[in-house]
Amino acid sequence: HVQLVESGGGSVQAGGSLRLSCAASGYTFYRRGCVGWFRQSPGKEREGVATIYIRDGFTAYAGSGKGRFTISQDNAKNTVYLQMSSLKPEDTAMYYCAAGYSSNGDCRFSPDDYNYWGQGTQVTVS
């Protein structure tokens, strides 16, 4: 049974930081795979925040998180992290991690490219 579990969300003041974790159980991230962090707030579509290619650690960031968010991996722990700093109220959303396969390392921000999803962790910035 594949399960992705996010943790680390919470309430924080603007300018603060949080580190989200995405732990996989019953599943090992594909070596030629992508893990992405997405977020969704009420009334809005789910949007990609950051992605990482497991094989070589190559990362990509959407405009909203560039310079403020850092995605990283710990293969020994089968966990991917999202370090968020300089948080803004507009970062408030449910944050999800997702995993999928990529043959060429092109980790895109399209939710359709990802097969497995976690349940999400809420981030609230005030």
Side-chain angles (χ1 to χ4, degrees):
H1 175 65
V2 176
Q3 191 173 16
L4 300 181
V5 179
E6 303 96 335
S7 62
S11 296
V12 64
Q13 291 188 339
S17 300
L18 285 172
R19 188 178 79 156
L20 307 184
S21 299
C22 172
S25 64
Y27 174 76
T28 300
F29 292 127
Y30 293 124
R31 180 168 173 75
R32 291 180 182 269
C34 300
V35 175
W37 282 98
F38 295 78
R39 67 185 185 186
Q40 188 169 21
S41 50
K44 294 187 177 180
E45 291 188 355
R46 190 167 297 190
E47 64 171 350
V49 174
T51 64
I52 187 166
Y53 188 49
I54 296 299
R55 183 180 186 188
D56 59 13
F58 184 81
T59 60
Y61 299 91
S64 58
K66 281 183 180 178
R68 299 188 298 126
F69 296 175
T70 302
I71 188 171
S72 62
Q73 63 189 54
D74 185 332
N75 292 338
K77 295 183 178 180
N78 213 25
T79 299
V80 170
Y81 303 98
L82 183 69
Q83 178 70 46
M84 305 187 295
S85 60
S86 302
L87 284 163
K88 306 174 182 180
E90 51 263 44
D91 294 318
T92 295
M94 185 71 79
Y95 283 71
Y96 301 89
C97 70
Y101 177 77
S102 174
S103 61
N104 62 4
D106 181 17
C107 297
R108 298 184 292 179
F109 294 111
S110 171
D112 291 341
D113 287 359
Y114 296 82
N115 308 104
Y116 302 110
W117 290 83
Q119 293 301 305
T121 185
Q122 178 68 37
V123 171
T124 302
V125 185
S126 59

Residue pair Ser86 / Ser17: nearest heavy atoms and the distance that separates them: N-OG, 4.4 Å

Which atom of Leu87 lies closest to which atom of Arg68, heavy atoms considered: CA-NH1, 3.9 Å

For the backbone of [Y] and the side chain of [X], can you confirm whether one donor and one acceptor N or O come within less than 3.5 Å of each other?
{"X": "Ser21", "Y": "Glu6", "answer": "no"}
{"X": "Tyr53", "Y": "Asn104", "answer": "no"}
{"X": "Thr79", "Y": "Lys77", "answer": "yes"}

In terms of hydrophobic clustering (I, L, V, M, F, W, Y; side-chain heavy atoms under 4.5 Å; direct or indirect links), are [X] and [Y] co-clustered?
{"X": "Leu82", "Y": "Met94", "result": "no"}
{"X": "Leu20", "Y": "Val35", "result": "yes"}
{"X": "Tyr81", "Y": "Leu4", "result": "no"}
{"X": "Phe69", "Y": "Val12", "result": "yes"}
{"X": "Tyr95", "Y": "Leu18", "result": "yes"}

Check residues 118-126 and write down every donor-acceptor pair under 3.5 Å in which the side-chain atom is one partner and the other belongs to a residue at least two apart or another chain.
unit_1, atom_1, unit_2, atom_2, d
Thr121, OG1, Gly9, N, 3.1
Gln122, NE2, Ala93, O, 3.4
Gln122, NE2, Thr124, OG1, 3.4

Quiz item: cation-pi between Arg46 and Phe38, 6.0 Å / 45°: no

Spatial distance of atom [atom1] ([X]) from atom [atom2] ([Y]) [nearest 0.5 Å]:
{"X": "Trp37", "Y": "Ile52", "atom1": "CH2", "atom2": "CD1", "value": "12.0 Å"}
{"X": "Asn78", "Y": "Ser25", "atom1": "CG", "atom2": "OG", "value": "9.0 Å"}
{"X": "Glu47", "Y": "Tyr96", "atom1": "CD", "atom2": "OH", "value": "12.5 Å"}
{"X": "Ser85", "Y": "Asp91", "atom1": "OG", "atom2": "CG", "value": "9.5 Å"}
{"X": "Glu90", "Y": "Arg39", "atom1": "CD", "atom2": "CZ", "value": "8.0 Å"}

Counting heavy atoms not belonging to Tyr101, are there more than 12 under 6.0 Å from its OH? yes

May I ask you to check whether over 12 heavy atoms, not counting those of Gln13, lie within 6.0 Å of atom CD? no

Could you go step by step and tell me if Tyr114 and Cys97 meet the side chain to side chain contact (heavy atoms under 4.5 Å, CB included) rule? CA-CA 10 Å; Tyr114 296 82; Cys97 70; over 6 Å; no

Asp74 versus Ser72, side-chain donor and acceptor atoms under 3.5 Å: no

Beyond-backbone contact of Phe58 with Cys34, side-chain heavy atoms, under 4.5 angstrom: no

